[in-house]
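Have a look at the structure below before the remarks.
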2 protein chains.
Amino acid sequence: MRERQGLREQKRRAAMRRVQDAALGLFDEHGFEAVTIEQIAAAAEVSPSSVYRYFATKEGIVLYDPNEIALEAPIASADEGVPFAEVLHRTVMGFLSEHGDEVVDRRRAKYLMEVPSVQDAVARRFFTETPTLAAFVAARTGRSPDDLEVRVACGAFAGGMLAAMRHWHAEDYAEPLGSLLDRTLATMQHGLEVALR
Amino acid sequence: MRERQGLREQKRRAAMRRVQDAALGLFDEHGFEAVTIEQIAAAAEVSPSSVYRYFATKEGIVLYDPNEIALEAPIASADEGVPFAEVLHRTVMGFLSEHGDEVVDRRRAKYLMEVPSVQDAVARRFFTETPTLAAFVAARTGRSPDDLEVRVACGAFAGGMLAAMRHWHAEDYAEPLGSLLDRTLATMQHGLEVALR
DNA sequence: TTCAGAAGTGATAGTGACTGTCAATTGAGA
DNA sequence: TCTCAATTGACAGTCACTATCACTTCTGAA
């Protein structure tokens with residue numbers, strides 16, 4: 001599992017984690033906007049320059065996920081016969097059982113979902129993936145990835161997933177992720193007609 | 001039509017327009033990020049302080065639309081019998097015929113759709129409206145506006161509309177807006193099932 | 001093990017968006 | 001016309017982020 005990686009890469013990861021950890025601690029204490037990069041750097045015992053080398057922006061510190069779930073590969077390599085919803089469900093649940101059900105790092109989640117500039121970064125991240133999804137949908141349906149229909153479907157999917165995440169957070173992660181995911185996909189697949197009638 | 005407004009309000013509007021106009025001119029010449037607020041203020045013959053008083057952010061200068069289309073009122077007051085898609089279509093087309101088919105100010109559109117920080121502001125604007133839409137959908141369907149299904153549907157709607165706008169821009173506004181709107185709504189109403197199968 | 005080149009680090013000096021404050025000016029309404 | 005309230009521009013400051021550069025630390029080949 002653990003790739004044989006150079007000392008350099010190890011140090012880098014360790015430092016990034018230290019910076020993120022220090023940052024989250026300070027955010028918890030004073031709030032996201034009240035904490036400066038300089039303070040974070042001092043708390044993590046690196047220079048401000050290094051913080052910027054690791055993370056492009058202050059928001060990036062929150063966005064960074066050392067154990068990010070990989071969705072692209074499983075979806076891209078999915079069998080034509082298996083419905084999209086099932087692939088997604090399986091991938092997420094598989095990841096879940098592997099990583100001790102902490103898909104969402106609650107510590108980061110607060111800022112991901114509540115700080116405006118971080119919200120924007122999250123949304124951007126979601127929509128940045130839509131062209132990839134569009135290519136996949138296009139291949140499956142025999143359309144062009146540049147079709148309005150394909151693009152709208154993918155944009156709607158991203159918007160729906162984003163809304164589901166926000167809902168989950170707003171409800172304090174009460175509902176199990178699997179159930180939430182199913183209801184979300186079901187709504188998007190045949191619920192928009194009812195809702196937007 | 002023209003409300004009897006004080007001299008103060010008139011001046012304010014005139015100044016805002018002057019600032020936006022100056023800004024767009026400078027953006028066209030040097031690009032969005034290369035132009036400073038100070039330069040914009042100088043070109044518009046106001047102080048930098050005033051620019052910030054009119055527009056909260058640099059992105060806001062682009063976002064500002066003196067002739068913004070009103071969607072909330074027509075949708076909120078729509079008859080239960082009339083389908084959502086039709087209300088939206090009618091409102092937009094009505095606005096269109098009234099304002100000499102310039103729904104989209106091409107001059108601003110370039111920056112709205114192409115500058116990352118402005119894109120973020122546009123997306124935020126879209127999703128900020130979803131609770132309003134959710135309240136409307138909830139009222140029509142007899143659900144709670146806090147239901148996952150309602151929220152997901154509204155988020156998906158916002159994402160789909162955003163994607164449609166981007167598509168329209170990417171295709172250089174070739175397709176008539178009415179047709180684009182119809183296809184977009186049709187896709188969201190019964191197209192997601194096909195696309196995401 | 002050694003050593004040259006590559007890559008990472010921290011210090012430093014910016015730039016520019018944005019905030020807060022305050023005295024001077026200018027409309028609004030009596 | 002006069003008073004009060006809102007608007008303005010000037011000024012000083014904060015902070016995210018960029019660019020540069022000498023110095024240190026790893027890497028991979030000999």
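Hydrogens, waters and symmetry mates play no part in the numbers below; they use all other heavy atoms, side chains included. So that the names make sense, note that chain A is the first sequence line, chain B the second, and so on, each numbered from 1.
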For atom [atom1] of [X] and atom [atom2] of [N], their distance in whole Å:
X       : N      : atom1 : atom2 : result
A:Ile61 : D:dC15 : CD1   : P     : 15 Å
A:Leu7  : C:dA7  : CG    : P     : 16 Å
B:Arg12 : C:dT25 : CZ    : P     : 22 Å
B:Glu38 : C:dT19 : CD    : P     : 16 Å
B:Gln10 : D:dT7  : CD    : P     : 15 Å
A:Glu45 : C:dA11 : CD    : C1'   : 18 Å
B:Ile37 : C:dC18 : CD1   : P     : 6 Å
A:Ile40 : D:dA16 : CD1   : C1'   : 11 Å

Item checked: Pair B:Arg125 + B:Glu59, salt bridge at N-O below 4.0 Å -> no

Margin query: Check this for me, if you would: do B:Glu9 and B:Arg13 make a salt bridge, where the nitrogen-to-carboxylate-oxygen distance has to be below 4.0 angstrom?
Written below: yes

Check: Is the side chain of A:Tyr111 donor-acceptor paired with the backbone N or O of A:Asp28 at a distance under 3.5 Å, no angle test?
Finding: yes

Notebook entry, point to check: Any donor and acceptor pair, going by atom type alone, linking the side chain of A:Arg151 with main-chain N or O of B:Ala163 inside 3.5 Å?
Noted result: no

Note to self: Could you measure the distance from the CE atom of B:Met93 to the CD atom of B:Glu86? Nearest 0.5 Å is fine.
What the structure shows: 13.0 Å

Under 4.0 Å between any heavy atoms, over every strand shown, what does [X] touch: base, sugar-phosphate, or nothing? Just pick one.
X       : result
A:Val35 : sugar-phosphate
A:Arg53 : base
A:Tyr54 : sugar-phosphate

Note to self: Between B:Lys11 and C:dG27, is there a contact of a side-chain N or O with OP1 or OP2 at under 4.0 Å?
What the structure shows: yes

Notebook entry, point to check: Does A:Ser50 make a side-chain N or O approach to OP1 or OP2 of C:dG10 shorter than 4.0 Å?
Noted result: yes

What's the closest nucleotide to the side chain of [X] if the choices are [options]?
X       : options                : result
A:Thr57 : C:dA17, D:dG9, D:dC17  : D:dC17
B:Glu59 : D:dC17, C:dC18, C:dG10 : C:dC18
B:Tyr52 : C:dT19, D:dC26, C:dG16 : C:dT19
A:Ser49 : D:dC26, C:dA11, D:dG9  : C:dA11
B:Lys58 : C:dA28, D:dT27, C:dC18 : C:dC18

Next item on the list: Mark yes or no: A:Lys110 above the aromatic ring of A:Phe32, with NZ or CZ under 6.0 Å from the six-membered ring centre and no more than 45 degrees from the axis.
Entry: no

Check: Relative to each other, are the rings of A:Phe84 and A:Phe136 parallel, tilted or perpendicular (30° and 60° limits)?
Finding: tilted

Checklist line | Axis deviation across the helix from C:dT1-D:dA30 to C:dA30-D:dT1, five-pair ends, to the nearest 10° | finding: 30°

Checklist line | Earlier contact from the 5' end, DNA chain C, for B:Ala34 and A:Ser47 | finding: A:Ser47

Check: Just by distance, with hydrogens left out, do A:Glu114 and A:His169 show a side-chain donor and acceptor under 3.5 Å apart?
Finding: yes

Check: When only distance counts, do a donor and an acceptor, one from the side chain of B:Arg8 and one from the base of C:dT26, lie under 3.5 Å apart?
Finding: yes

